[in-house]
Each structure stands twice: as C-alpha cells, then as structure tokens.
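As the structure is a prediction and not an experimental result, all values here were calculated from the model. In what follows, chains carry the letters A, B, and so on, assigned in the order in which the sequence lines appear, proteins first and then strands, with residues in each chain numbered from 1.
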2 protein chains.
Amino acid sequence: MNKTTIKDVAKRLNVSISSVSRAFNDKYDIKKETRERILRVAKEMGYHPNPIAQKLKQNKSFNIGVIVPEFINEYYSEVISGIQEVLNVNGYQVLTMQSNNCPSLEFKNVETLLNNRVDGLIICPSCDSENMNFYLEKISKGQHIVFVNRVKESFPAKKVLFNNIKWSYLATEHLIQKGYKKIYHLAGNKNLSISHDRISGFKKAMEKYKFPTSSFKIIETGLLAEDATVIVEELILDDDLPDAFMCINDLVALSVISILSEHSIAVPEDIGVIGFTETKMASLMSPKLSSVKQPTYEMGKTAAEMLCKSINNIVIERETVIMNGDLNIRKSSSRS
Amino acid sequence: MNKTTIKDVAKRLNVSISSVSRAFNDKYDIKKETRERILRVAKEMGYHPNPIAQKLKQNKSFNIGVIVPEFINEYYSEVISGIQEVLNVNGYQVLTMQSNNCPSLEFKNVETLLNNRVDGLIICPSCDSENMNFYLEKISKGQHIVFVNRVKESFPAKKVLFNNIKWSYLATEHLIQKGYKKIYHLAGNKNLSISHDRISGFKKAMEKYKFPTSSFKIIETGLLAEDATVIVEELILDDDLPDAFMCINDLVALSVISILSEHSIAVPEDIGVIGFTETKMASLMSPKLSSVKQPTYEMGKTAAEMLCKSINNIVIERETVIMNGDLNIRKSSSRS
DNA sequence: TTGTAAGCGTTATCAT
DNA sequence: ATGATAACGCTTACAA
C-alpha cells in the first residue's frame, strides 16, 4: 500500500513539511533547486499527495455526480462518455448513478451524492413534470447543477437540450417527400417534454403540408419495444395501417419493422419507417433503419463544460444550449 | 451549501463533539436518550457527517474503481450495473473509467484511481496478453483487485469469467443438430483468451461430431461489424459460403445477416447464423437472432461481492468463478 | 456515560 | 526562502 506521507519526505530531506507542500504546489515561493530536489526524492519514495487530505483542507471533493435514468441503452452511455472526457481532464472524478427511470430514486441518489460532497451535479432527469422544485431549491442553496435532455425549455436552470421539435419536423418532412401519404406518429408518454416536442414537430409538418385529419394519427405508445408491438398488432387487425410510421425512438421503430415483416409487409415498399435517437444497430438491420441522430457525446461534453464554468463562477453566455442532429436516411424510408 | 459540522451540533446541544460522533456511530457507549436527542437536533440542523473527514480519519476512501474497455455496448454497462448494485448497498461509491480498449490508457487509469486512494479495483481488461505483471505487482503490494471477463483462467488472481469453451461448444452443437453440415466460425482476435476459448469450444464440437476438415473453417474476423462485412463479401466472391456461421458476437452476426440479405441469401433457410453475448436488439431483428446469453449483471455482482470480501479480509472459497449462460434459440438458426 | 485531546495528511498564515 | 503551527471535520484512546 502507498503510505508515504508528506512527513516522510520532509524527514528524509531534512526540510519542513511546508517546503514539501510548496514544492508540489507551484504557487508558493520556493528555491528552484530545493523544489527539484524534493520532487525527485518524493518520486523515488513513491510519494503522492493524499487527495483525501487535500479535499478536506480545500473543502472540495473534486467529485462530480451524474445521474441518468439508465445506461444500458447507448444514449446515456454516450452522454456519460462525453461528460467524463471533459471532467477527467479538469481533474474531477465522476460518480455515476442510475435512477431506473424512477423520480424518487433519482432524488434519493441526489441526496446521496450531495452527502458525499460532490462539487456539482449533472442530471438527466427521468421525468420533467414532477417535483422539479426539488432541484430549484438545491440550486437556490448554491448547488451547481446542469440538466441534460428531459427538461422543459422553460425550466429556469442551466441545461443542454436536443431540438426535438425541429428534428421531428424534418424526419416527418422526409417521409412526406418520399411520397408517403398517410403517416402515423408512434409517440412517447405525453408528460415527457421530449415526447411532447416530437409531437409538435410532427403536427407542424402535417400542417405545413396540409395533411387532412384523416391522413395522420398520433398514437401514444411509450418508449419501449413491447408497447409498440401491441399497438401495431391492433392496427393490423383493424385494417388501419398507414403508409409510414414516424417513431419516438429506434427501439419502437425496430419492433414495428419486426412485426410488419412477420406479417409479410415490406419495408420500405409497403410501409416506410423512421426512428429517432439513432442506435448503432440501426445500420446493421435489414432493412437498415433511417433515424435522427442526436449528438449525445457532444451534449455530455457541453454539459460538463457548463458545469465547470458554473463551479468556477464564470459567467455563461447562454443558460440553455439547444443542439442539432442529423437525419440519417437509410433503407427503411427509401422506396424508389 | 451544507456547512453544518459536528461542532455546530455539539455547541447547540451543549455536549462534546465526541458525544455527537458517538450518536452517529452506534458502536460506542452513549445514553439512549442523549443519542436520540442529538440525532433529532442534528437532523433539524441538516447535519450530515462529512464523509471526506471520515475518510481521512479512517484512512479509507469508500470509493471503488472500475475500469472497462468501453460501456457503449450493453455488455459492460450491465456488468457495471451489477457492480453498483452491490457496492452502493455496502456504502461504496463507484468510480468508472473507460480504457477505450487500450492497455496503456487502462494502466494510466489504474494509477489515477490508486492515487485517488480507491479501496479496491474491479478491472475488465482490454487485453489479457500484455503486461499482466503490472497487476500482479499491485496485488503483491496489497491492493484488492478483482478481474472480470477477458482474463486467462490460469492468471493467479481473483476473477469472474464466463465459460466460453462450454457455451461455444453448445452453440456449435445446436447448429449441427439443426442439420447444418458446413460451419464457419467467425472468430475474434486470437490473443484474447475469450476468442481463443470460443475457438476451442467450436473445435471440440467439430471433433465430437466428426466434421471433416473440409466442412469447417475458423476465420479470425475481429470483434467489429466492419471486419465481418469484408470477410463475408470475400466468401461470397470466392463462392465459399458455409451452411452456417457461428459468430464471435452479435455485432458480427447481425452484420453477416445484413450482408447475406443484401445478396438475397435467406437466413435461416439457406444459411444459419448464431451470435454470442446476446444484445437486447437480438430479439428485435428480422430474423430474430439466436445467441448465447451471458449473465453480465450477475458477473458484476459476483465480482463486487468478491471484492468486498477481499477488502474485509474474508477468506474466499474459490479464487476463480466461472459462470454459465443460456442458449437463446430464435429464428436465425431455426430452419424447419 | 460523557468530555478532553491527539491525530489523520494536507494547506496556508505567520514568523524567522 | 524556509520553518513552525493552526486549521479542515472527524474518530477514538484515555481521563473523569
């Protein structure tokens, strides 16, 4: 075990511990030679300053807490990777916790992390309609918090969002331009702003291209593959299939394709499908899935940078950053 | 900010700080009433012991470091979830880092975590053939380390492995029993023991069922989808397609299916395909992918439990735990 | 049962 | 330029 302390080094060199400390913290006066001598011997002895003592003294943990709904899917894994990239470079360690999409566990995790004295938090909320006052209170008490993804644009806090309205509109427009005349949107849960926004984008496209009410539907499906399965089976039974599905995410899109294929309905010839929040798998399917790509990694980096600034009291230009994506068109929406 | 200290509480109650400390650490003698009074007032004041001070005093960080090659794919995300589940319950916080499949970054991360005084490490190595002495040295210095997945069974350390030989054998046997007569194994990089073991299992099945050398091949493909693409295209050009592919992982399997489908080769009718290390997506494909499921979550839990025991010097029955999986048979290998 | 005080490994103020 | 020392917030041996 590494047990060499500043005292050991000081004793060995017949200098005071303050000199050793100074040698390791450039900011103090110390003769260049002594500094180098100390550093050399310290290295020989395998000395590393004990960060825990430093933390206590400086009243700073150099830990940042990150809470996500889950990281089994790529989305939040990539966000976390972006966060780590920035924070590690800045000398922070990242403590990640999952809320399992449960607000009360999310809040409990926040308390755990705060009790562990994290210097700041990045929260990807599981839900943006419940108890957001919990966070406003923490912020007003001086906590540094940055939110990512599932947060209302109107929420008065630092946050990084994806422009769901715009890219939902563009995805829908793409289907229209491909000649699909009857389009259903398999939407997520309405009390999530991201679902709400994607519905808005979809509606906007319907209006813009003057689709009559009979030519589109918005079906609240949820975010899970299983949910979609049931719905599509029903549509088939009711003989109420559209020309194309605009799906809340790739999981739903893939399960739609899977069911249609079981019923020998051809994608994209009979029915077009487009997903959202691109999965790596999207390009490994047959047919390959068209989807809206979100800049997950960059969203994480941006949030981390905002947090660093917040901690260092650097004023920020914009409290809210809304990011753009890419429309990755592949086979599933490209009939010729 | 939470700034209430043990002193504030003591002063407020006209007791000594040791009494307050005792109230929070059951193990000491303290009158029940005082204890309750202290706890109640402490709660009112919003006091929580400062874990950093506790760590310094107890010379223990209550942090555990975890290093994985990446957590964009589900495999390590699930392992980490299992680890967190156990460690959080035991009062530890988990510091996760990615090595990006690069041994030197992995070692650098180890040093970072050790300098941060983690109480133990769980390592999912990026490679098991290089510099494993690095770890043996740490262990001999008293560090607590548990390895997961990519480690040779002969490596003398605590570890949790998957029985790759057995399940590779079973996956291959399944293809044989389905009547596929010519089987190619798309293998991973040979200097990884997991690839090596899966090759062994494959060979074992070939021997057991007396396949002549002309009826099977082992092609070193790598772990990535792109690698497989090239290989299969070549096989098609050379008119050297087998009856079935036994793939090193699902990513490779899915890209095989995708290419075959582009060439209008039917899976599973013309060619059967089976993957390894089940992806969630496996059951969303058409055809749904057969695969070997690894108990990722349980592997993480097991490793974490072993680490806790190691830290608390509890003797362990077996230094090496080798886990079993499931054969999830779906459409891609089920011709009728 | 409770209080006093030393000490964990640093940093930073004040002398020298 | 360097050294002595208090302090960070807690635990724990020892004293009362």
In whole Å, what is the span from the [atom1] atom of [X] to the [atom2] atom of [N]?
{"X": "A/Glu36", "N": "D/dT2", "atom1": "CD", "atom2": "P", "result": "12 Å"}
{"X": "B/Arg37", "N": "C/dT2", "atom1": "CZ", "atom2": "C1'", "result": "12 Å"}
{"X": "A/Lys11", "N": "D/dG3", "atom1": "NZ", "atom2": "P", "result": "15 Å"}
{"X": "B/Asp26", "N": "D/dT12", "atom1": "CG", "atom2": "C1'", "result": "16 Å"}
{"X": "B/Asp29", "N": "D/dT12", "atom1": "CG", "atom2": "C1'", "result": "13 Å"}
{"X": "A/Leu13", "N": "D/dG3", "atom1": "CG", "atom2": "P", "result": "10 Å"}
{"X": "B/Ile38", "N": "C/dT1", "atom1": "CD1", "atom2": "P", "result": "13 Å"}

Between [X] and [Y], is the ring centroid distance below 6.0 Å?
{"X": "A/Tyr75", "Y": "A/Phe162", "result": "no"}
{"X": "A/Tyr47", "Y": "A/Phe24", "result": "yes"}
{"X": "A/Phe107", "Y": "A/Phe134", "result": "yes"}

Query - B/Asn116 to A/Pro51 - nearest heavy-atom pair and separation - result: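 That would be CA-CG, 3.7 Å.
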Query raised in the report: Relative to each other, are the rings of A/Phe155 and A/Phe147 parallel, tilted or perpendicular (30° and 60° limits)?
Result: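 Geometry flag for A/Phe147 against A/Phe155: perpendicular rings.
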**Report entry** Min side-chain heavy-atom separation B/Asp119-B/Asn63 under 4.5 Å
**Finding:**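 A side-chain contact is absent here, since even the closest heavy-atom pair is not under 4.5 Å.
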Query raised in the report: Do B/Ser21 and B/Ile6 have side chains that get closer than 4.5 Å, going by heavy atoms?
Result: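 A side-chain contact exists here, since the closest heavy-atom pair is under 4.5 Å.
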Query raised in the report: Which angle, rounded to 10°, do you find between the first-five-pair axis and the last-five-pair axis of the helix from C/dT1-D/dA16 to C/dT16-D/dA1?
Result: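 That helix gives 50° between its end axes.
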Report task. Measure the OG1-CD distance between A/Thr277 and A/Gln294 for me, rounded to the nearest 0.5 Å. Result ->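 Between A/Thr277 OG1 and A/Gln294 CD, I get 4.0 Å after rounding to 0.5 Å.
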**Report entry** Any donor-acceptor N/O pair, A/Gln84 side chain to A/Gly300 backbone, under 3.5 Å
**Finding:**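 Pair absent, no side-chain N/O of A/Gln84 close to backbone of A/Gly300.
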Query raised in the report: Are any of B/Ser19's side-chain N or O atoms less than 4.0 Å away from OP1 or OP2 of C/dG3?
Result: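 Yes, B/Ser19 has a side-chain N/O under 4.0 Å of OP1/OP2 on C/dG3.
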Report summary line: For nucleotides 6-14 of chain C, 5' to 3', base contacts (B), sugar-phosphate-only contacts (S) and non-contacts (-) with protein non-hydrogen atoms under 4.0 Å give -BBBBBB--
